[in-house]
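The next block holds one structure in the form of structure tokens; read it before the comments.
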There are 2 protein chains.
Amino acid sequence: MSLKQQQEWYEQQQKMHVAVDCIIFGFSEGKLKLLVFKRKLEPLSGKWSLLGSFVRGDEDVKSATGRVLYELTGFKDVFLKELKCYSNVDRDPGQRCISIAHYALIDAEDRTKQIVAGHDAHWFTINELPELVFDHTMMAMDALEALKAEARRQPIGFELLPECFTIPQLQSLYEAIYGKSLDSRNFRKKVNSFNVLLKTNVKDYGSSKKGAYLYRFDEARYNQLVASGYDFVL
Amino acid sequence: MSLKQQQEWYEQQQKMHVAVDCIIFGFSEGKLKLLVFKRKLEPLSGKWSLLGSFVRGDEDVKSATGRVLYELTGFKDVFLKELKCYSNVDRDPGQRCISIAHYALIDAEDRTKQIVAGHDAHWFTINELPELVFDHTMMAMDALEALKAEARRQPIGFELLPECFTIPQLQSLYEAIYGKSLDSRNFRKKVNSFNVLLKTNVKDYGSSKKGAYLYRFDEARYNQLVASGYDFVL
DNA sequence: CCAAAAGTGTTACACGTACACCCATGA
DNA sequence: TCATGGGTGTACGTGTAACACTTTTGG
């Protein structure tokens with residue numbers, strides 16, 4: 001096949017819109033939450049929707065997700081993991097459009113409140129999600145499953161917490177992810193066995209009179225654990 | 001935003017070619033293998049390549065993968081699992097083109113020999129792979145990692161074997177996937193504990209004088225195990 | 001009778017899991 | 001002083017991993 005023929009053949013093939021959608025997980029008030037936005041485009045303008053965008057000609061899919069996440073939340077270097085490609089022929093009533101979904105883990109407490117207000121966005125607890133446009137509800141369910149599965153392979157829980165956190169906070173995060181309560185003694189034992197926590201001398205009195213010690217985590221050791229594929233079952 | 005504006009906006013967005021590629025795993029002669037094809041298109045015509053195709057307007061991504069797999073190998077209802085979306089801007093020197101890769105598990109012994117000959121294809125042992133076009137080598141490496149990870153979650157090993165197989169065959173398959181040797185007593189104990197094997201009275205004398213009993217697996221029990229998310233660590 | 005692969009049990013150790021009480025503090 | 005959440009140790013059972021010998025049969 002000549003180069004010209006090849007170019008013609010490429011042209012014959014149907015092109016498609018390629019979008020990205022992002023399931024944004026956060027953790028606040030002891031609950032696992034999802035950040036969803038009021039859609040600004042027809043069709044279904046005004047309905048709740050995941051964060052999304054079309055992929056530009058000069059960026060790859062993950063960059064596109066990172067870009068739109070940055071544009072709307074100001075967060076950079078967010079934990080982003082590819083979930084799945086959604087490609088049903090009629091998933092978008094506008095035009096043929098496939099979407100590659102990623103999920104993101106961010107610290108919801110932090111600066112997000114203003115951002116949320118400024119973009120018609122809202123944090124919903126995962127089991128109180130409103131109806132979402134298109135196949136976004138499916139994406140959210142799939143992402144939750146993936147998060148559960150991933151939580152036992154990697155210590156991703158930390159991505160959802162602020163820099164300093166208490167053990168009870170960490171435990172309640174894992175309880176929220178797994179949807180069941182854990183024994184605090186066994187939890188501490190396990191977490192300590194990984195040697196990824198650095199105890200500070202500071203106590204957090206936010207949720208008890210006695211106060212709980214704040215920890216930060218040991219990045220080096222943490223990355224080492226992730227790289228070695230350690231199993232993080234809690 | 002009006003419907004017209006929305007349509008215009010959709011149109012402004014760059015469309016892309018959307019392709020699928022398929023990493024086809026097989027198991028024969030005690031080795032884990034990959035089926036690769038001589039590329040028939042410029043650029044890089046004649047080089048080794050994974051099985052691929054463009055996605056048509058009337059099919060989703062997984063269907064497209066299934067279709068091209070069927071067209072070239074005649075296999076239907078193959079185990080297919082989405083791997084990852086490859087979307088580097090310059091991954092295809094022809095045009096901007098993203099590709100969603102799946103991996104497939106098929107019984108390599110079976111009917112594939114004629115097919116292979118008829119399509120300029122070849123089974124390569126995974127650690128003797130030739131150079132592949134574009135980012136296909138990366139896809140193959142990623143697929144192997146994913147297969148290893150998946151093998152401990154689901155009893156996918158069976159997909160790669162003929163209907164009847166011996167325990168030593170099954171063991172050597174897992175040894176090939178994990179890249180290490182396993183203790184035969186522990187292996188049998190573990191496999192038996194799943195109750196997915198049905199012993200036949202037939203022996204296979206292909207690899208020993210004594211002969212090894214052939215087993216088939218219990219579909220019902222197998223599907224039940226997969227559904228319950230049982231951990232299949234060997 | 002020998003080589004080559006199939007098949008079979010037991011033991012030690014690690015890890016997961018269940019479980020109850022004291023501590024520190026603010027109200 | 002009491003209510004609330006933080007923090008600690010032990011005992012038991014399950015599952016994993018290490019280990020060697022007998023059986024069958026074709027050449």
Side-chain angles (χ1 to χ4, degrees), chain A residues 28-31 148 151-153 155 161 164-216 225 228-234, chain B residues 28-31 151-153 155 161 164-176 178-216 225 228-234:
Chain A
S28 66
E29 298 152 0
K31 313 237 178 189
K148 277 185 196 176
R152 37 177 55 219
R153 302 229 151 274
L161 292 171
C164 290
F165 51 86
T166 66
I167 307 272
Q169 275 180 307
L170 184 62
Q171 178 175 345
S172 82
L173 167 58
Y174 273 91
E175 289 177 335
I177 293 175
Y178 292 149
K180 68 176 185 188
S181 57
L182 302 169
D183 180 277
S184 69
R185 286 162 293 191
N186 294 337
F187 183 83
R188 281 167 190 273
K189 206 188 311 174
K190 188 85 184 196
V191 167
N192 278 324
S193 75
F194 296 130
N195 286 108
V196 286
L197 293 193
L198 298 172
K199 191 174 188 174
T200 68
N201 288 321
V202 189
K203 276 192 167 186
D204 169 69
Y205 295 93
S207 71
S208 84
K209 294 157 184 168
K210 182 178 178 183
Y213 282 105
L214 286 165
Y215 291 76
R216 65 182 70 244
L225 266 186
S228 69
Y230 200 94
D231 204 347
F232 220 74
V233 179
L234 294 162
Chain B
S28 66
E29 298 151 358
K31 311 236 179 190
R152 36 178 54 220
R153 302 230 151 275
L161 292 171
C164 290
F165 52 87
T166 66
I167 307 273
Q169 274 179 308
L170 184 63
Q171 178 174 346
S172 81
L173 167 58
Y174 272 91
E175 289 176 333
Y178 292 149
K180 67 177 185 189
S181 57
L182 302 169
D183 180 277
S184 69
R185 285 164 292 189
N186 294 336
F187 184 83
R188 281 167 190 273
K189 206 186 311 173
K190 187 89 182 193
V191 166
N192 278 326
S193 74
F194 295 130
N195 287 108
V196 286
L197 294 193
L198 299 172
K199 191 174 187 173
T200 67
N201 289 320
V202 189
K203 276 193 169 186
D204 168 69
Y205 295 92
S207 70
S208 83
K209 294 156 184 170
K210 183 178 178 182
Y213 282 105
L214 285 165
Y215 291 77
R216 65 182 68 244
L225 265 186
S228 68
Y230 199 94
D231 205 345
F232 219 74
V233 179
L234 294 162

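Below, all heavy atoms of this structure are taken into account, side chains as well, without hydrogens, waters or symmetry copies. Order of the sequence lines fixes the chain letters, A, B, ..., with proteins taken first and strands second; residue numbering starts at 1 for each chain.
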Report yes or no: does Thr200(B) contribute a side-chain atom to a donor-acceptor pair with the main-chain N or O of Leu214(B) at less than 3.5 Å?
yes
The criterion is side-chain contact (heavy atoms from CB on, under 4.5 Å); which residues satisfy it with Ser208(A), sequence neighbours excluded?
Lys210(A)
Whole Å only: how far is the CG atom of Asp204(A) from the C1' atom of dG6(D)?
12 Å
To the nearest angstrom, the CG-P distance between Leu197(B) and dG7(C) comes to 12 Å
For Tyr205(A), the side-chain contact (heavy atoms from CB on, under 4.5 Å) test, sequence neighbours excluded, returns Lys203(A)
Would you mind writing out the side-chain donor-acceptor pairs for residues 174-184 of chain A within the sub-3.5 Å range, not counting sequence neighbours?
{"residue": "Tyr174(A)", "atom": "OH", "partner": "Gly157(A)", "partner atom": "N", "Å": "3.4"}
{"residue": "Glu175(A)", "atom": "OE2", "partner": "Gln171(A)", "partner atom": "NE2", "Å": "3.2"}
{"residue": "Glu175(A)", "atom": "OE2", "partner": "Leu182(A)", "partner atom": "N", "Å": "2.8"}
{"residue": "Asp183(A)", "atom": "OD1", "partner": "Arg185(A)", "partner atom": "N", "Å": "3.0"}
{"residue": "Asp183(A)", "atom": "OD1", "partner": "Asn186(A)", "partner atom": "N", "Å": "3.0"}

If I take atom NZ in residue Lys180(B) and atom C1' in nucleotide dA18(D), what distance separates them, rounded to the nearest angstrom?
13 Å
How long is the line joining CG of Leu170(B) and C1' of dG7(C), in whole Å?
15 Å
Over how many whole Å does the gap from Gln169(A) atom CD to dG5(D) atom C1' extend?
13 Å
So, OP1 or OP2 of dG16(C): does either fall under 4.0 Å of a side-chain N or O from Lys190(A)?
yes
Whole-Å distance, Gln171(B) CD to dG7(C) P, equals 11 Å
Mind checking what makes ring pair (Phe, Tyr, Trp, His ring centres under 6.0 Å) contact with Phe165(B), not counting sequence neighbours?
Phe158(B)
Going by the rule side-chain contact (heavy atoms from CB on, under 4.5 Å), which residues pair with Ala212(A) if we only count those two or more places apart in sequence or in a different chain?
Thr166(A), Pro168(A)
Measure OH/Tyr205(A) against P/dA24(C) and give the value in whole Å, please.
12 Å
With the criterion being N/O to N/O and under 3.5 Å, what pairs connect the protein with nucleotides 7-11 of chain D, and how long is each?
{"residue": "dG7(D)", "atom": "OP1", "partner": "Tyr213(A)", "partner atom": "N", "Å": "3.1"}
{"residue": "dG7(D)", "atom": "OP2", "partner": "Arg188(A)", "partner atom": "NH2", "Å": "2.7"}
{"residue": "dT10(D)", "atom": "O4", "partner": "Lys189(A)", "partner atom": "NZ", "Å": "2.9"}

